[in-house]
Q: 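Got a structure for you, written out below as structure tokens; questions coming shortly.
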Amino acid sequence: MFELRRLRLLHELALRGTLAAVAEALSYSPSTISQQLAQLEKEAGVALLAPEGRRVRLTEHGRVLAAHAARALDLDEQARGELESLHPGLAPVRVAVMQTAALAIVPAALGILGERAPLLRVELVELAPEVGLFELTARGVDLVIAEQYPGHTRAHADGLERETLGTDPIRLAVASGDPARSLEHLRDRAWVMEPGGTASRLWAVQQCRAAGFEPDVRYELADLSAHARLVAAGQAVAVLPDLLWVGTSPAVSLLDFPGRPAREIFTAQRTASRGRAGILEVRRALRDAFPAAGPR
């Protein structure tokens with residue numbers, strides 16, 4: 001009989017690629033991971049790992065068992081969801097949020113949950129959508145608030161399901177009093193953008209290229225509040241979502257793109273966790289909080 005905890009380690013290794021990455025994600029030492037996987041090999045009676053330089057790789061038997069491990073973990077989660085639906089208590093819900101959601105949606109949602117499910121423990125971790133969706137697959141979190149930019153759909157991973165919360169307008173931000181009135185007027189300016197590889201960076205660069213120029217990205221920062229401060233100080237221009245301004249008055253001038261594009265804000269969870277009452281409560285609270293938090 002296989003132990004579920006060891007099966008999860010094999011599943012994590014299949015996703016993350018290295019023992020060190022698994023150890024970091026689960027807060028174990030690499031030696032502990034190795035020992036547990038060695039015990040799993042004994043239980044399986046076949047080699048699951050093979051050395052590859054300084055690392056290890058899954059053997060064919062290892063890949064087969066890792067696929068079964070993923071299904072076993074899904075069944076375990078489904079069983080826990082059914083038990084939770086019958087029990088008055090709710091298991092904690094760990095949510096990965098992007099910065100604008102943490103600022104504009106989550107506080108109102110937590111207030112709603114305080115009234116509807118005061119005993120529910122919600123844990124938050126700020127992660128870029130790309131990282132958050134991976135951690136959802138890897139069971140590092142239970143729920144993700146993510147984004148999707150116009151014309152740039154995110155890949156749909158097996159075993160995950162999404163629900164749209166709403167849309168969030170995207171606009172150009174320039175210093176107050178700046179004479180610029182459109183993107184074409186910003187070709188010679190310094191830009192602040194999110195790090196390379198993010199959906200927001202890709203979308204912003206493509207808008208500039210469509211306008212006939214390559215942006216001079218002098219400042220690369222993940223914190224959108226820092227973007228806003230650089231813009232307000234007249235040191236850069238930026239592409240920013242309206243959710244950043246919820247509850248505040250922008251200290252910058254905002255210019256519309258043609259067609260007034262908006263990004264889609266959505267939540268995602270594992271299909272296997274759809275029966276978990278706590279996750280359902282959090283998603284419902286986020287839905288109800290979004291209109292109240294939406295751009296004005």
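In this text, all values refer to a predicted model and were calculated from it rather than measured experimentally.
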Q: When clusters are formed by joining ILVMFWY residues with side-chain heavy atoms under 4.5 Å apart, either directly or through shared neighbours, do Val122 and Val125 land in the same one?
A: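 No; tracing contacts between hydrophobic side chains, which count when under 4.5 Å, never links both residues.
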Q: Would you check, one step at a time, whether the test side-chain contact (heavy atoms from CB on, under 4.5 Å) holds for Leu19 with Val22?
A: CA-CA 5 Å; Leu19 294 173; Val22 175; 5.6 Å; no
Q: Spell out, as yes or no, whether a donor-acceptor pair under 3.5 Å connects the side chain of Asp168 to the backbone of Pro241.
A: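 Here the side-chain-to-backbone pair does not exist.
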Q: Does any non-hydrogen side-chain atom of Leu37 lie less than 4.5 Å from one of Leu48?
A: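 The answer is no; the side chains never approach within 4.5 Å.
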Q: Tell me, please, which residues at least two apart from Arg8 pass salt bridge (Lys or Arg N to Asp or Glu O under 4.0 Å).
A: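 Result, salt bridge (Lys or Arg N to Asp or Glu O under 4.0 Å) vs Arg8: Glu12.
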Q: Going through the distances and angles, do Arg187 and Asp216 end up as a salt bridge (Lys or Arg N to Asp or Glu O under 4.0 Å)?
A: CA-CA 8 Å; Arg187 64 174 60 242; Asp216 177 10; over 6 Å; no
Q: Could you go through the side-chain contact (heavy atoms from CB on, under 4.5 Å) check for Val93 and Glu123 one step at a time?
A: CA-CA 6 Å; Val93 178; Glu123 300 172 354; over 6 Å; no
Q: Is there side-chain contact between Leu172 and His185, with at least one heavy-atom pair below 4.5 Å?
A: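 In short, these two side chains do not touch, never coming nearer than 4.5 Å.
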Q: Could you check if a side-chain atom of Thr267 sits within less than 4.5 angstrom of a side-chain atom of Val95, using non-hydrogen atoms only?
A: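 They are not in contact (no side-chain heavy atoms under 4.5 Å apart), so the answer is no.
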Q: Going by the ring-ring contact (aromatic ring centres under 6.0 Å, His included) test, which pairs reach into residues 30-80, not counting sequence neighbours?
A: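 Qualifying pairs, neighbours excluded: none.
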Q: I'd like to check Glu214 versus Arg209 (side-chain heavy atoms, cut-off strictly below 4.5 Å). Are they in contact?
A: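 Yes - at least one pair of side-chain heavy atoms lies under 4.5 Å apart.
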Q: Supply the atom-to-atom distance Leu40 CG to Arg6 CZ, rounded to the nearest 0.5 angstrom.
A: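 Leu40 atom CG to Arg6 atom CZ measures 7.5 Å (nearest 0.5 Å).
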Q: Going by ring-ring contact (aromatic ring centres under 6.0 Å, His included), name the pairs with one or both residues in residues 243-270, residues two or more places apart or in two chains.
A: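 Output for this query lists Trp203-Phe257.
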Q: Is a side-chain N or O of Arg201 found less than 3.5 angstrom from the main chain of Glu194, in a donor-acceptor match?
A: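 Present.
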Q: Do the side chains of Glu77 and Arg80 get close enough for a salt bridge, i.e. N-O under 4.0 angstrom?
A: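 Salt bridge between Glu77 and Arg80, a charged N being under 4.0 Å from a carboxylate O: no.
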Q: Any heavy-atom pair between the side chains of Leu120 and Val282 that's under 4.5 Å?
A: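 Yes; the side chains approach each other to less than 4.5 Å.
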Q: Roughly how far, to the nearest 0.5 Å, is CG of Leu110 from CG of Leu286?
A: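 Answer rounded to 0.5 Å: 8.5 Å.
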Q: What's the separation between atom CD in Gln206 and atom OH in Tyr149, rounded to the nearest 0.5 Å?
A: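 That separation rounds to 12.5 Å.
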Q: Rounded to the nearest 0.5 Å, how far does CZ of Arg189 lie from CG of Leu183?
A: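 Nearest 0.5 Å value for the CG-CZ distance: 11.5 Å.
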Q: Counting C-beta onward and ignoring hydrogens, is there a side-chain heavy-atom pair between Asp178 and Ser253 closer than 4.5 Å?
A: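 In short, these two side chains do not touch, never coming nearer than 4.5 Å.
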Q: Under 4.5 Å between side-chain heavy atoms, counting indirect links through other Ile/Leu/Val/Met/Phe/Trp/Tyr residues: same cluster for Val217 and Leu230 or not?
A: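 No, because Val217 and Leu230 fall into different hydrophobic clusters, even though each may have its own neighbours under 4.5 Å.
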Q: Is it true that a side-chain atom of Glu126 and a backbone atom of Ala102 form a donor plus acceptor pair closer than 3.5 Å?
A: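 Answer holds: no.
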Q: Is there a path from Leu186 to Ile170 through hydrophobic residues (I, L, V, M, F, W, Y) whose side chains come within less than 4.5 Å of each other?
A: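 Yes, same cluster.
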Q: Say you draw a straight line from OG of Ser29 to CD of Glu24; how long is it, rounded to the nearest 0.5 Å?
A: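 One gets 13.5 Å once the value is rounded to the nearest 0.5 Å.
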Q: Using side-chain contact (heavy atoms from CB on, under 4.5 Å), reason through Val205 and Met193 one step at a time and then give a plain yes or no.
A: CA-CA 9 Å; Val205 169; Met193 292 188 183; 3.8 Å; yes
Q: Look at the side-chain heavy atoms of Ile, Leu, Val, Met, Phe, Trp and Tyr, link any pair under 4.5 Å apart, and say whether Leu165 and Val97 land in one connected group.
A: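 Looking at the clustering, Val97 is in the same group as Leu165.
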Q: If we ignore angles and hydrogens, is there a donor and acceptor under 3.5 Å between the side chains of Arg276 and Gln269?
A: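 No, no side-chain donor-acceptor pair sits under 3.5 Å.
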Q: Going by an N to O cut-off under 4.0 Å, is there a salt bridge joining Arg94 and Asp142?
A: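 No.
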Q: If you measure from CG on Leu7 to CD on Gln36, what distance do you get to the nearest 0.5 Å?
A: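 Going from CG on Leu7 over to CD on Gln36, the span is 11.5 Å.
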Q: With the side chain counted from C-beta on, respond yes when Leu49 and Leu13 share a heavy-atom pair under 4.5 Å apart, and no when they do not.
A: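 Yes, at least one pair of side-chain atoms sits under 4.5 Å.
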